[in-house]
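Below is one structure, written out as structure tokens, with a few remarks after it.
First the proteins, then the strands, lettered A, B, ... as listed; each starts at 1.
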Amino acid sequence: MNFILPLDAVSPQHRKVVGGKGYSLAVRFISHFTGEKQAEAEDVLDLARASYRFRDDDNLHLGRIQAQLVKAAEELRHRGPAGTKVLRRLPPDVQEMQADFEKTSTPINLEGWQAAVGRLKARQIVGQPAGPGLARGLARVILSPSDLFHFKTGEILVCDAVDPNMTFVVPLAAAIVERRGGMLIHGSIIAREYGIPCVTGVPNAATLIHTGDTITVDGYLGIVTVG
Amino acid sequence: MQEITEVWAIIRELLESQRLAVLSTQDHIQPYSNLVAFAATPDLKYLLFATTRATRKYANLLANSRVSILIDSRTNQTADFAEAVAVTVLGQAEEMQGTEADQLLPVYLDRHPYLQDFVTSPTCALFRVNVERYILVTRFQDVREIFPGP
């Protein structure tokens with residue numbers, strides 16, 4: 001199932017991107033070639049986009065398999081010692097995958113912040129520039145999968161890590177801010193593909209930024225300004 | 001009273017020895033101070049600093065271009081009361097664009113070569129402060145004002 005193509009046609013009305021647009025990147029890429037080479041370059045670009053979509057479909061399927069694995073593990077635990085025995089007999093790599101998935105799926109604990117004396121507010125946070133461009137908009141912080149369904153066009157996606165299952169909202173986002181760092185993580189790659197400003201490696205992004213905060217994402221320098 | 005050339009020499013030495021300054025801006029109501037990496041032009045008529053456009057200081061500068069800048073040599077020791085030198089710079093800040101920015105950028109980068117990526121980012125603005133007055137403080141209480149020539 002391909003969510004990306006139809007949603008890609010939607011142009012976020014409130015997106016204010018300076019540079020870094022997918023369209024202008026494509027035009028710039030094609031302009032480096034002339035004559036037959038230009039047609040060849042267009043083909044290569046189409047092929048790259050198709051490969052990307054296939055890759056993303058794979059990620060969506062993998063996400064569903066992982067979710068089923070977690071469900072199965074929960075069911076086995078409910079069945080008591082016999083079920084736990086079955087879990088222990090799973091191949092080590094499957095056990096590791098299940099442990100990783102459960103760990104990353106744990107909702108972020110906000111108790112520490114709530115218990116803090118006074119009030120802490122982040123004004124400017126530095127991460128890594130992972131997708132060039134500048135965008136300003138309202139933050140939508142994703143703390144649990146259900147938050148995704150509240151995402152509105154032109155909002156800025158703020159999350160711990162862009163999960164492959166979250167890909168469908170990316171084309172609607174004005175920018176992406178992610179706690180997990182790197183240029184080659186899922187969020188960075190799709191942000192650059194869509195020409196969306198992206199800053200990764202922002203410590204505590206999902207706790208320092210709140211849904212509804214107006215934030216500015218500087219994808220050139222890796223700076224997120226709140227307010 | 002020291003000769004004017006001596007005062008200029010003290011100011012020049014201070015500006016050449018320090019890399020950071022305290023920039024004060026205001027939006028007509030609330031003063032706001034922060035550290036900036038600065039550079040002075042050789043004639044000491046202008047100071048340069050850079051900021052990204054999403055900052056509070058940039059918003060303040062749009063609302064009110066008048067600034068105060070503090071540069072000093074304190075070391076957080078008792079000796080500072082006798083030995084530290086401070087200069088307050090009053091003036092007006094102006095965002096540089098086009099050829100003016102092209103001309104002043106090398107002056108700034110000569111002082112702060114490690115800020116190349118920062119200052120050349122499309123989201124960063126280079127400001128020139130037109131110095132109207134230097135206020136030099138030495139030995140804790142000796143205060144002199146000096147005005148750059150035309």
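Rounding to the nearest 0.5 angstrom, the gap separating the OG atom in B:Ser121 from the CG atom in A:Asp218 is 5.0 Å.
The local environment of CD in B:Glu132 is crowded, with over 12 non-hydrogen atoms from other residues, nucleotides or ligands closer than 6.0 Å.
Heavy-atom minimum distance, B:Thr123 versus A:Tyr220: CG2-CD1, 3.6 Å.
The interface of residues 46-83 of chain B with chain A, defined by heavy-atom distances below 4.5 Å, comprises B:Thr52, B:Ala54, B:Thr55, B:Arg56.
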